[in-house]
**Student:** 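Structure in structure tokens, see below.
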Amino acid sequence: MFTDADLPNALIVGASQGIGLGFVKKLLELESIARVYATYRRRESASELIALLDEYPKRLFCLPMDITDEVQISEDVELLRGEIDRLHLVINCVGILHEGTLQPEKSLRQINPENLMRYFQVNSIGAVLLAKHLLPLFRHSDRSIFASISAKIGSIGDNQLGGWYGYRASKAALNMLMRNVAIEYARTSPKTVVVTLHPGTTDTRLSQPFQKNVPPEKLFSVERTVNQLLAVLEKLQIEDSGQFFSWDGSCLPW
């Protein structure tokens, strides 16, 4: 993936569970990765991630980060810059679909401005704040990747069913923001490929309430999703920056 990089460094944002934790586990298995930095929002819900520190004390580094808090993002990036001078792989896995009383809307009657704001804060704005503050760690001569987990349901061109207003719109906004980032990074960090990824329906806490009608062959384990997405990242070229890819490597419509 990084043939021109000497022992690359990776950052997984939102690594306490689900796909993010799966990426951490997989990257730690790869001896070609020098260090894996992993963020969590609440330590009490990151016990499985924290436990990995005992197994990989010299390669795994965990730090708290709420990507809706720009001050914390900035402080964490400064900590990283105190330890390393470059990142080669960043995967933003943070996302929200349901949380307490926050649930996907089935009709206009259920639209709630506070819920909409929460969707955008977590699913959209956090990613562009990461792009803003991580830029200095991408400004180097090695090839690098900045990927964000999006969702096919955020494709405007593919939307035939409606509903899920906040989630759809916030993922569509994520795609647009990352397209903008790709254009700016091409000028300021030209060796960085910026993409959004659709992981498919993965058996995680996020999707569990909505798995009933998913065919078994289309419900992926976390391990399968991680392997599929890493295979997509492996094949990326500079000219792919700014695109939206599915788990099978196909390019998705906006």
**Student:** If you look at every heavy atom in Gly14 and Thr39, which pair is closest and at what distance?
**Tutor:** N-OG1, 2.9 Å
**Student:** Would you say CG of Leu30 has more than 12 non-hydrogen atoms from neighbouring residues, nucleotides or ligands within 6.0 angstrom?
**Tutor:**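 Atom CG in Leu30 is packed in, count exceeds 12.
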**Student:** Considering all heavy atoms of both residues, which atom of Tyr167 and which atom of Ala151 are nearest to each other, and what is their separation?
**Tutor:**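 Minimum heavy-atom separation between Tyr167 and Ala151: OH-CB, 3.9 Å.
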**Student:** Under the side chain to side chain contact (heavy atoms under 4.5 Å, CB included) criterion, do Ile156 and Asn175 qualify, and how do the steps go?
**Tutor:** CA-CA 10 Å; Ile156 296 174; Asn175 291 342; over 6 Å; no
**Student:** Are more than 12 heavy atoms from other residues, nucleotides or ligands located less than 6.0 Å from atom CD of Glu48?
**Tutor:** no
**Student:** Say you draw a straight line from NZ of Lys26 to CG of Leu229; how long is it, rounded to the nearest 0.5 Å?
**Tutor:** 12.5 Å
**Student:** Test Asp85 against Leu137 for side chain to side chain contact (heavy atoms under 4.5 Å, CB included), laying out the working first.
**Tutor:** CA-CA 6 Å; Asp85 63 355; Leu137 285 168; 5.6 Å; no
**Student:** Could you note down all residue pairs passing side-chain hydrogen bond (donor to acceptor under 3.5 Å, both in side chains) where residues 179-190 supplies at least one of them, sequence neighbours left out?
**Tutor:**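 Sorted pair list: Ser189-Thr192.
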**Student:** Working to the nearest 0.5 Å, report the span between CG of Leu63 and CG of Leu11.
**Tutor:**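 Rounded to the nearest 0.5 Å, the CG-CG separation comes out at 7.5 Å.
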**Student:** Check the pair Leu174, Asn123 against side chain to side chain contact (heavy atoms under 4.5 Å, CB included), reporting the backbone distance first and the verdict last.
**Tutor:** CA-CA 7 Å; Leu174 169 66; Asn123 293 344; 5.7 Å; no
**Student:** Is there a donor-acceptor pair under 3.5 Å between the side chain of Ser170 and the backbone N or O of Gly166?
**Tutor:**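 It does hold such a pair.
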**Student:** Donor-acceptor pair, Arg168 side chain versus Gly162 backbone, under 3.5 Å?
**Tutor:** yes
**Student:** With sequence neighbours excluded, tell me which residues meet ring pair (Phe, Tyr, Trp, His ring centres under 6.0 Å) with Phe23.
**Tutor:** none
**Student:** With rounding to the nearest 0.5 angstrom, report the CG to OG distance, Leu49 to Ser16.
**Tutor:** 7.0 Å
**Student:** Can you give me the closest heavy-atom contact between Ser155 and Pro253, atom names plus distance?
**Tutor:** OG-O, 2.9 Å
**Student:** Go through it in stages, so that I can follow the logic: the residues are Leu108 and Tyr165, the test is side chain to side chain contact (heavy atoms under 4.5 Å, CB included), and I'd like the CA-CA distance, side-chain angles, deciding distance and then a yes or no.
**Tutor:** CA-CA 8 Å; Leu108 285 168; Tyr165 286 83; 3.5 Å; yes
**Student:** When you look at CD of Glu31, are more than 12 heavy atoms from neighbouring residues, nucleotides or ligands closer to it than 6.0 Å?
**Tutor:**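 No.
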**Student:** Could you give the distance from NZ (Lys191) to CZ (Arg143), rounded to the nearest 0.5 Å?
**Tutor:**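 Spacing of NZ (Lys191) from CZ (Arg143) equals 9.0 Å.
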**Student:** Look up atom CG in Asn9 and atom CZ in Phe61, then write down how far apart they are to the nearest 0.5 Å.
**Tutor:**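 Answer rounded to 0.5 Å: 9.0 Å.
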**Student:** At their closest point, which heavy atom of Ser141 faces which heavy atom of Arg86, and how far apart are they?
**Tutor:** OG-NH1, 4.5 Å
**Student:** Given 3.5 Å as the limit, does a donor-acceptor pair link the side chain of Ser241 with the main chain of Val194, or not?
**Tutor:**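 Yes, the answer is positive, given that a donor and an acceptor are paired below the 3.5 Å cut-off.
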**Student:** Just so I know, are the side chains of Lys235 and Asp240 near enough to count as touching, which here means a heavy-atom distance under 4.5 Å?
**Tutor:** no
**Student:** Nearest 0.5 Å, what's the CG-OG1 distance between Leu129 and Thr68?
**Tutor:** 9.0 Å
**Student:** Fit a plane to each ring of Phe220 and Trp247, take the angle between them on a 0 to 90° scale, and name the class: parallel (under 30°), tilted (30 to 60°) or perpendicular (over 60°).
**Tutor:**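 Rings of Phe220 and Trp247: perpendicular, over 60°.
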**Student:** Taking all atoms of both residues into account, what is the closest heavy-atom pair of His198 and Leu252, and its distance?
**Tutor:**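 Result for this residue pair: CB-CD1, 3.6 Å.
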**Student:** Scan side-chain atoms only and decide if Asp142 and His88 contain a donor-acceptor pair under the 3.5 Å cut-off.
**Tutor:** yes
**Student:** What are the two closest non-hydrogen atoms of Leu87 and Ser144, and how far apart are they?
**Tutor:**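 Distance-wise, the nearest heavy atoms are O-CB, 3.7 Å.
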**Student:** Are a donor atom and an acceptor atom from the side chains of Thr225 and Thr202 found within less than 3.5 Å of each other?
**Tutor:**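 Judged by distance alone, the side chains do pair up.
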